[in-house]
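Okay, structure first, notes after.
In this text the structure is predicted, and so the values were computed from the model without any measurement.
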Amino acid sequence: MTAHLRERPKVAVRPDPGPCPVIETARLILRPHKLSDADAVAQSLADYQVSRMLARVPVPYHRQDAHDWLVRQGSGLIAGWTLAITTGDDVHIGCVGIELMHGQWHLGYWLNRYYWNRGYASEAAHAAIERFFRRMPGTVLHSGVFADNAGSLKLQKKIGFEITGCSQIYTLARNGMVSHIETSITAGALIAP
């Protein structure tokens, strides 16, 4: 008669890497975003050369879009980290995020176009992944790039990602389906850039 009282239903626990850290590298500081980053985020993502390589960024992109995104990121409702990529003087130059989507951890990143080709994106991505794997060592981290984004694919291969497949995904900026190269990495495969 009391058996039903002793057995409690199991509650699914969401895996969690903990609070968003501050990470220092040789040239960068990765930190949680602030609402004051809205102008810099809007300026970077209003550049079509940046936004066209991202799936969830609308075009045109306005300051209010950045503000709304920052509010969501700071709400604590999204599992994972969204780190501002900053230089030593706290200038916001991009973003690297690790987010739980559809039961899998995914890496995403972008950089203001004026900071491309300096190794900042690979330095930031490596640092965020390395810290993530210290907290979640048995996890497979997924990512991917649009097929026409050779620079991002080169970055991912340089730090240890392997191609796992191809798909078509919808991108807001391009308003259509785009070929997407899917990638993944484990802690043991991570390579310093």
Under the side chain to side chain donor-acceptor pair (under 3.5 Å) test, which residues partner Glu162, sequence neighbours left out?
none

Under a 4.0 Å N-O cut-off, is there an ion pair linking Glu99 with Arg56?
yes

Scan for salt bridge (charged side-chain N to carboxylate O under 4.0 Å, His left out) pairs involving residues 59-70, sequence neighbours excluded, and state none if there are none.
Asp39-Arg63

State which residues pass side-chain contact (heavy atoms from CB on, under 4.5 Å) with Gln156; sequence neighbours excluded, sorted by chain then number.
Tyr109, Ser143, Val145, Ser152, Phe161, Thr183

Is Trp116 reaching over with its side chain to a backbone N or O of Ala121, donor-acceptor style, under 3.5 angstrom?
no

If you look only at pairs with a residue in residues 75-98, which of them pass as a salt bridge (charged side-chain N to carboxylate O under 4.0 Å, His left out), with sequence neighbours excluded?
Arg31-Asp90, Lys34-Asp90

Results of side chain to side chain donor-acceptor pair (under 3.5 Å) for Tyr115 - residues two or more places apart only:
none

Closest non-hydrogen contact found for Gly160 with Ile191 is CA-CD1, 4.0 Å

Find the distance between CG (Leu35) and CD (Gln73) and round it off to the nearest 0.5 Å.
11.5 Å

How would you list, by chain and number, every residue that makes a ring pair (Phe, Tyr, Trp, His ring centres under 6.0 Å) with His67, sequence neighbours excluded?
none

Contacts of type side-chain contact (heavy atoms from CB on, under 4.5 Å), residue Pro193, not counting sequence neighbours:
Ser122, His126, Lys158, Ile159

Write out all pairs satisfying salt bridge (charged side-chain N to carboxylate O under 4.0 Å, His left out) with one or both partners inside residues 103-116, taking only residues at least two apart or from two chains.
Asp47-Arg113

Transitive ILVMFWY cluster of Tyr48, excluding itself - 4.5 Å side-chain cut-off
Val59

Quick check: is Leu153 connected to Val96 through a chain of hydrophobic side chains (ILVMFWY, heavy atoms under 4.5 Å apart)?
yes

Path from Val57 to Leu107 over hydrophobic side-chain contacts below 4.5 Å:
yes

Transitively linked via ILVMFWY side-chain contacts under 4.5 Å: Val91 with Val50?
yes

Got a salt bridge between Arg52 and Asp148, using NZ or NE/NH1/NH2 to carboxylate O under 4.0 Å?
yes

For His33, side chain to side chain donor-acceptor pair (under 3.5 Å) partners two or more places apart:
His92

Nearest 0.5 Å, what's the OH-CG distance between Tyr120 and Leu28?
6.5 Å

Hydrophobic cluster (4.5 angstrom, side-chain heavy atoms) - remaining members for Tyr170
Leu172, Met177

What residues form a side chain to side chain donor-acceptor pair (under 3.5 Å) with Ser167, not counting sequence neighbours?
Glu182

Is the number of heavy atoms from other residues, nucleotides or ligands under 6.0 Å of Gln43 CD greater than 12?
no

Check: Met136 main-chain N/O paired with Thr139 side-chain donor or acceptor under 3.5 Å:
yes

Mind checking whether Ile185 and Leu190 have side chains closer than 4.5 Å, heavy atoms only?
yes

For Ile29, is there any backbone N or O sitting under 3.5 Å from a side-chain donor or acceptor partner on Thr86?
yes

